[in-house]
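The next block holds one structure in the form of structure tokens; read it before the comments.
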Amino acid sequence: MEERSLHFIEQEIEEDNRTGRYEKRVHTRFPPEPNGYLHIGHAKSICLNFGAAARYGGLCNLRFDDTNPTKKDVEYVESIMADVRWLGFDWGDRLFYASQYFGQIYEYAENLIRTGKAYVCELSADQIREHRGTLTSPGKPSPWRERPAPESLDLFRRMRAGEFPDGSRTLRAKIDLASGNINLRDPVLYRILRAPHHRTGTTWCIYPMYDFAHGQCDSLERITHSICTLEFEDHRPLYDWFVQSLGIYAPRQIEFARLNLTYTLMSKRKLLELVRDGLVRGWDDPRMPTLCGLRRRGYTPEAIRAFCQRIGVAKMNSTIEVGVLENAIREDLNRRAPRVMGVLRPLRVVVENVPEGRVEDFELANNPEDTAAGTRRVPFSRDLFIEREDFMEEPPKKYFRLAPGREVRLRGGYFLKCDRVVKDAQGAVSELRCSIDPATRGGQAPDGRKVKGTIHWVSAAQAIRAEVRIYETLFTRPDPDEGGDYRRNLNPRSLEVLKDCLLERSVAGAAPGKTVQFERHGYFCVDPDSREGALVFNRTVSLRDTWAKIQEKE
RNA sequence: UGGGCCGUGGUGUAACGGUAGCACGAGGGAUUUUGGAUCCCUCUGUCCAGGUUCGAAUCCUGGCGGCCCAACCA
């Protein structure tokens with residue numbers, strides 16, 4: 001863990017520990033709604049909740065907020081558990097569902113009715129909205145607001161028994177119709193909804209609203225710090241009202257600003273649209289900000305956790321530049337990814353002073369950052385491939401790579417000089433005729449002469465063919481919603497598929513998930529689409545590219 | 001006079017009445033068998049106006065600006 005000062009939530013927790021508010025207990029929870037896949041924004045919340053518990057020797061529960069039966073899916077439940085585990089966190093035996101408390105929450109409702117704090121209302125949804133007033137004008141009381149408690153109780157029990165059609169009645173709290181906080185204008189507590197629930201089946205035909213469930217679930221689990229996002233700040237007085245009216249244990253809610261990232265959509269609804277409308281290949285499309293997408297892309301849990309650490313926690317709405325995320329994964333992979341040579345856009349090179357059929361092996365370091373990573377043998381021969389962009393017939397200033405008459409170093413091999421350029425019928429460069437200096441074996445010239453550039457290469461006969469998928473941001477604008485429709489900002493070049501890449505043979509047979517650095521390109525990982533003898537790689541992130549920056553400026 | 005929250009370099013985030021620091025970014029240099037990595041240097045900031053104070057990003061007052069709230073969603 002990096003050295004840093006406490007963020008405001010940790011400060012509040014420490015303050016509570018000092019005053020003994022919760023007997024120095026720290027118990028948090030991560031409460032996702034199982035209606036979508038977890039994304040990088042959730043990672044912030046997960047790190048925050050599990051992180052705080054770990055830091056203060058406490059516990060963190062995983063609880064599915066499944067109060068609304070209509071849009072849940074076991075697929076989501078399973079993916080969420082897998083993603084939290086993958087991120088590196090453990091909820092032990094504390095896996096809960098809001099739905100498991102339905103019985104208790106129902107009792108709470110009856111309790112409020114008996115004490116005159118809730119009533120059964122027969123207004124329609126539209127009428128309730130009209131009665132609620134506006135932001136600047138107070139609400140009007142429902143005609144059923146003053147109905148005697150026994151009558152409400154009877155009606156509520158009959159709602160539960162299924163005597164009334166969906167939507168015909170609600171249970172409402174009786175709070176304050178004139179409150180500036182609209183959440184306090186007699187909010188709906190229960191609705192009639194004949195929808196089977198993924199956990200409770202058809203046991204219930206009435207379901208509590210999120211607002212009437214969430215705080216009580218926290219209370220029942222004896223959560224000390226209910227960490228949530230800013231938009232629930234206005235709901236806190238309501239939760240406090242429930243807890244007080246019911247006389248139950250009171251957790252403390254603390255709100256923080258959710259994560260926003262440039263060039264990234266974070267809305268679950270829009271992410272779902274991308275998947276459903278086929279704008280991406282699925283929830284785990286490597287261009288998606290979902291945890292499964294990032295995983296497939298080659299992001300590591302360590303990098304994501306470091307990222308969450310680095311961005312901090314505060315109440316100010318803000319947007320982090322994606323570069324910070326990219327930096328986190330580069331930093332992690334630089335330390336651990338084995339280096340390998342891969343030519344993405346091949347250009348044939350014939351080394352004329354190497355005899356045909358001769359193959360020699362070079363021993364190359366797997367990771368210059370880590371000698372423990374060992375070495376590997378890389379074959380060299382007369383027929384090579386180099387990167388097309390590592391040769392220019394008319395090189396501009398500051399171009400250090402190969403050009404007619406110029407000499408460069410083949411990474412780990414010899415100095416190579418371009419003697420002749422061969423072109424096809426269309427005039428495009430099709431092949432280079434080159435020669436090596438045998439005295440430079442290993443990459444040093446005995447006469448001390450230097451070369452400005454070092455390029456990567458593969459030996460034609462031994463190279464393996466692979467598909468490489470290059471990703472750019474999914475959107476062309478830092479704010480995908482700019483202009484009102486994110487679809488119009490989709491980046492047509494967010495995916496480029498390179499089918500004829502040639503890789504060093506040492507990666508043959510690599511398993512899905514395996515990450516390597518293709519030298520001078522970036523970090524790549526094996527995609528699950530790979531088949532025997534047909535590897536597919538995803539580019540996780542490119543290396544920093546100073547040359548590209550120089551070109552941009554000209 | 002609806003309620004709530006928030007304003008620190010380009011982007012994030014520290015400071016808790018006492019030298020505005022860190023990361024990303026940008027620029028420059030050293031080094032380098034990855035134009036990578038590493039190291040060094042530099043750059044730009046307290047929303048505004050008053051007040052309190054020896055001293056204010058911090059406390060007070062008033063502005064200005066931004067975000068959230070009017071689902072039987074969460």
Side-chain angles (χ1 to χ4, degrees), chain A residues 2-7 11 31-33 35 65-68 70-71 121 123-126 128-130 132-139 166-172 178-185 187-193 206-207 209-211 213-214 229-237 255 257 262 268-269 310-321 323-328 330-331 334-335 339 341 364-365 368-369 398-401 409-413 415 442-444 450-456 478 517-522 542-550:
Chain A
E2 289 172 21
E3 202 58 46
R4 61 171 174 87
S5 50
L6 265 35
H7 62 243
Q11 290 179 14
E33 182 188 15
N35 69 341
D65 252 326
D66 56 355
T67 53
N68 185 337
T70 60
K71 40 185 191 177
C121 177
L123 256 23
S124 69
D126 284 347
I128 288 180
R129 187 172 1 93
E130 286 161 19
R132 192 151 27 224
T134 69
L135 291 178
T136 52
S137 63
D166 286 11
S168 63
R169 268 153 250 250
T170 56
L171 181 71
R172 294 227 263 159
S179 173
N181 183 347
I182 286 170
N183 295 120
L184 266 21
R185 319 240 267 229
V188 171
L189 269 28
Y190 264 91
R191 74 276 220 185
I192 305 174
L193 200 55
I206 58 171
Y207 291 95
M209 300 294 293
Y210 170 85
D211 275 349
H214 189 81
T229 45
L230 252 28
E231 66 268 29
F232 293 103
E233 211 152 16
D234 286 344
H235 297 235
R236 177 155 34 94
E255 309 85 7
T262 55
K268 265 204 233 177
R269 195 200 90 224
R310 216 162 290 172
I311 58 177
V313 181
K315 296 196 74 155
M316 187 173 73
N317 287 306
S318 61
T319 303
I320 313 277
E321 293 174 342
V324 181
L325 217 211
E326 294 175 342
N327 180 262
R330 279 196 193 103
E331 210 168 83
N334 177 48
R335 273 183 282 118
R339 317 278 126 131
M341 290 196 283
L364 295 182
E369 305 288 314
K398 294 187 196 162
Y399 185 85
F400 301 154
R401 285 112 95 150
R409 173 165 39 233
L410 293 175
R411 172 74 157 155
F415 282 11
Q444 300 281 11
K450 304 281 187 202
V451 287
K452 296 270 301 197
T454 299
I455 66 173
H456 59 276
Q517 182 195 97
F518 292 162
E519 292 210 35
R520 303 208 302 131
H521 278 300
S542 69
L543 253 26
R544 273 206 197 82
D545 191 347
T546 345
W547 170 238
K549 230 174 267 176
I550 293 169

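Because the structure is a prediction, the values reported are computed rather than measured. Order of the sequence lines sets the chain letters (A, B, ...), proteins ahead of strands, with each chain counted from 1.
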Atom [atom1] of [X] to atom [atom2] of [N]: distance rounded to whole Å?
X	N	atom1	atom2	answer
A:Ile550	B:G35	CD1	C1'	7 Å
A:Phe400	B:U34	CZ	P	13 Å
A:Gln11	B:A15	CD	C1'	10 Å
A:Lys452	B:G36	NZ	P	13 Å
A:Met316	B:C47	CE	P	10 Å

Is it the case that the base of [N] and the side chain of [X] share a donor-acceptor contact (distance under 3.5 Å, atom types as modelled)?
X	N	value
A:Gln517	B:U34	yes
A:Glu369	B:G36	yes
A:Arg520	B:G35	no

Quiz item: Looking at residues at least two apart in the chain, or sitting in another chain, which of them share a side-chain hydrogen bond (donor to acceptor under 3.5 Å, both in side chains) with A:Arg132?
Solution: none
Quiz prompt | Results of side-chain hydrogen bond (donor to acceptor under 3.5 Å, both in side chains) for A:Glu321 - residues two or more places apart only | solution = none
Exercise. Sugar-phosphate atoms are those with a prime plus P, OP1 and OP2; base atoms are the rest. Using that split, label each nucleotide of nucleotides 66-74 of chain B B, S or - for protein heavy atoms under 4.0 Å, 5' to 3'.
Key: -SBBBSBBB
Quiz item: When you check every protein heavy atom under 4.0 Å of nucleotides 17-28 of chain B, what one-letter string (B, S, -) results, 5' to 3'?
Solution: ------SSSSS-
Quiz prompt | Nearest-nucleotide pick for A:Thr136, side chain only, options being B:G35, B:C5, B:G2 | solution = B:G2
Exercise. Kindly say if A:Thr262 contacts the phosphate of B:U11, meaning a side-chain N or O under 4.0 Å from OP1 or OP2.
Key: no
Practice problem: Could I get the full list of ring pair (Phe, Tyr, Trp, His ring centres under 6.0 Å) partners for A:His7, not counting sequence neighbours? | Solution: none
Exercise. Taking Watson-Crick and G-U wobble pairs with both distances under 3.5 Å, convert RNA chain B into its dot-bracket string, 5' to 3', dots for unpaired and | for cross-strand pairs.
Key: .((((((..((((....[..))))((((((.......))))))...(((((..]....))))))))))).....
